[in-house]
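Keep in mind that this is a model prediction, so the values were computed, not measured. Here is the naming used below: chain letters follow the sequence lines, and residue numbers restart at 1 for every chain.
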There are 2 protein chains.
Amino acid sequence: MNAVEKKLGNEFSERLNTGGFRFTPQRQHVYDVVMQKRDHPTAEEIFIRTKRTMPEISHATVYNCLDALVKCRLVRQVQLERGATRFCPNMAEHCHYFCDACGEVFDVALPTDSTIMPRPKGFKVDHYDIAVHGLCAECAGKSKK
Amino acid sequence: MNAVEKKLGNEFSERLNTGGFRFTPQRQHVYDVVMQKRDHPTAEEIFIRTKRTMPEISHATVYNCLDALVKCRLVRQVQLERGATRFCPNMAEHCHYFCDACGEVFDVALPTDSTIMPRPKGFKVDHYDIAVHGLCAECAGKSKK
DNA sequence: TCAAGATTTAGAATAATTCTAAATTATGTC
DNA sequence: GACATAATTTAGAATTATTCTAAATCTTGA
């Protein structure tokens, strides 16, 4: 860890270390980029956004960074449709409402404790991914007409 | 619809029709293949299995058939990891427990009515996809040692 | 029987992700 | 502080997953 990072002594780099990863400027940038906008970008979209502040970053590195961030629970990985995986900056317990018509994603906080669900004997739960598919208000309105 | 299908008068072909699709032998085969084994195969795996009874079927047709079956609610589409989408023959209300170590998928019936979840204003729910990630009993045991 | 539309096919094209090997960077040891 | 070791990054190739295309085939209803 260099002087700047030590001074910052930030939680970000501690979280990486705890997960067995090193701090790198690339991971910081990718993390910043995901946090900057409260949406659900694909790896490709994150790659494009990260290139704006770090033009020399490569594709593989973005995937590597995202994998590290997901493992350290700094970012969530979300599978909503066939095709590209998305990533989510919201680490609070929530589920995703996905509009099958326009692709919009809505985060909704989960009030109830999901751990009450029955589970296979011996299964050690890491996390829940709850996706609700349907039509957003706007698209539901359109499809009626 | 030909004579054989008329005679069978099966629900399968009715379900396709209701969804705006025609009955085709390819759709029947793909459906049979998915139903035959209670697992969670990818499109590629389904393609391979279907070729056994219908060697001339093409890749694109398997995707086309699966799309039709999913739209008619005869088969479920499941996103559990990055990479290939899986398909599921179990149409009962259930969630998926996914072992991040070995990739095994366990179906668990959902007892509670999920519709109590809060939702964005005006959102028209089609269906819920609940995936629980973690380690299956076997892998949890291994990782402790 | 014919026209229109749906479906299938092979294969190409595209998109998403992973792999590879070399270069670079950081860490701990003496 | 120099060195060995291991982690990380990089460009680009390779692989995997999915979609597209255009022609051929099949089905349906008039």
Side-chain angles (χ1 to χ4, degrees), chain A residues 1-6 8 12-14 16-31 33 40-48 50-51 53-72 77-87 103, chain B residues 1-6 12-14 16-31 33 40-51 53-72 77-87 103:
Chain A
M1 198 188 291
N2 69 32
V4 178
E5 293 147 39
K6 258 198 199 111
L8 286 171
F12 177 69
S13 123
E14 278 165 34
L16 282 172
N17 293 158
T18 305
F21 298 98
R22 291 188 184 160
F23 172 93
T24 70
Q26 286 85 351
R27 285 174 181 157
Q28 178 76 70
H29 273 258
V30 168
Y31 180 66
V33 158
H40 301 79
T42 62
E44 179 64 20
E45 178 60 30
I46 293 166
F47 174 63
I48 291 165
T50 306
K51 269 180 107 64
T53 46
M54 184 177 259
E56 70 285 10
I57 199 167
S58 85
H59 225 134
T61 300
V62 170
Y63 276 95
N64 168 331
C65 292
L66 288 169
D67 283 345
L69 296 173
V70 167
K71 286 201 181 109
C72 298
Q77 181 174 310
V78 185
Q79 320 289 154
L80 292 168
E81 329 157 73
R82 214 142 77 186
T85 296
R86 292 151 174 269
F87 295 85
Chain B
M1 198 186 292
N2 69 31
V4 177
E5 293 146 38
K6 256 197 201 113
F12 177 70
S13 124
E14 278 165 36
L16 281 172
N17 293 160
T18 305
F21 298 97
R22 290 186 184 163
F23 171 92
T24 71
Q26 286 85 350
R27 285 174 181 157
Q28 179 76 68
H29 273 256
V30 168
Y31 180 66
V33 158
H40 301 79
T42 61
E44 179 65 20
E45 177 61 29
I46 293 165
F47 174 62
I48 291 165
R49 291 186 199 169
T50 307
K51 269 180 106 65
T53 46
M54 185 176 258
E56 70 285 10
I57 199 167
S58 85
H59 225 137
T61 301
V62 170
Y63 276 95
N64 168 331
C65 292
L66 287 170
D67 284 345
L69 297 174
V70 168
K71 287 206 181 106
C72 298
Q77 181 174 310
V78 185
Q79 319 289 152
L80 291 168
E81 330 157 72
R82 214 143 77 186
T85 297
R86 292 150 173 270
F87 295 86

Between dT9(C), dT18(D), dT8(D), which one does the side chain of Gln26(B) approach most closely? dT9(C)
Output the residues of residues 58-70 of chain B in contact with DNA chain D, where contact means a heavy atom of the residue under 4.0 Å from an atom of the strand; sort by number or write none. His59(B), Ala60(B), Tyr63(B)
Donor-acceptor contact present, side-chain Gln79(B) to main-chain Glu81(A), <3.5 Å: yes
Among the nucleotides dT19(D), dT27(C), dT10(D), whichever has the atom closest to the side chain of Arg22(A) is dT27(C)
From dT18(D), dT9(C), dT8(C), nucleotide with atom closest to Ala84(B) side chain: dT18(D)
Once you apply a heavy-atom cut-off of 4.0 Å, does Glu44(B) come out as touching a base, just sugar-phosphate, or nothing? nothing
Strictly by modelled atom types, are His29(B) and Thr50(B) linked by a side-chain donor-acceptor pair under 3.5 Å? no
d(CD1, Ile57(A); P, dG12(D)) in whole Å: 16 Å
Rounded to the nearest Å, what distance is computed from the CZ atom of residue Phe47(A) to the P atom of nucleotide dT9(D)? 14 Å
Please work out if Thr42(A) contacts a base, only the sugar-phosphate, or nothing of the nucleic acid, heavy-atom cut-off 4.0 Å. nothing
Could you tell me whether the phosphate oxygens of dA17(D), OP1 or OP2, come under 4.0 Å of any side-chain nitrogen or oxygen in Arg82(B)? no
Check the angle between the aromatic planes of Phe23(B) and Phe12(B) and answer parallel, tilted or perpendicular using the 30° and 60° thresholds. perpendicular
Compare side-chain N and O positions of Thr24(A) against OP1 and OP2 of dA7(D) and report whether any pair is under 4.0 Å apart. no
Judged by atom type as modelled, is there a donor-acceptor pair below 3.5 Å linking the side chain of Arg27(A) to the main-chain atoms of Arg22(A)? yes
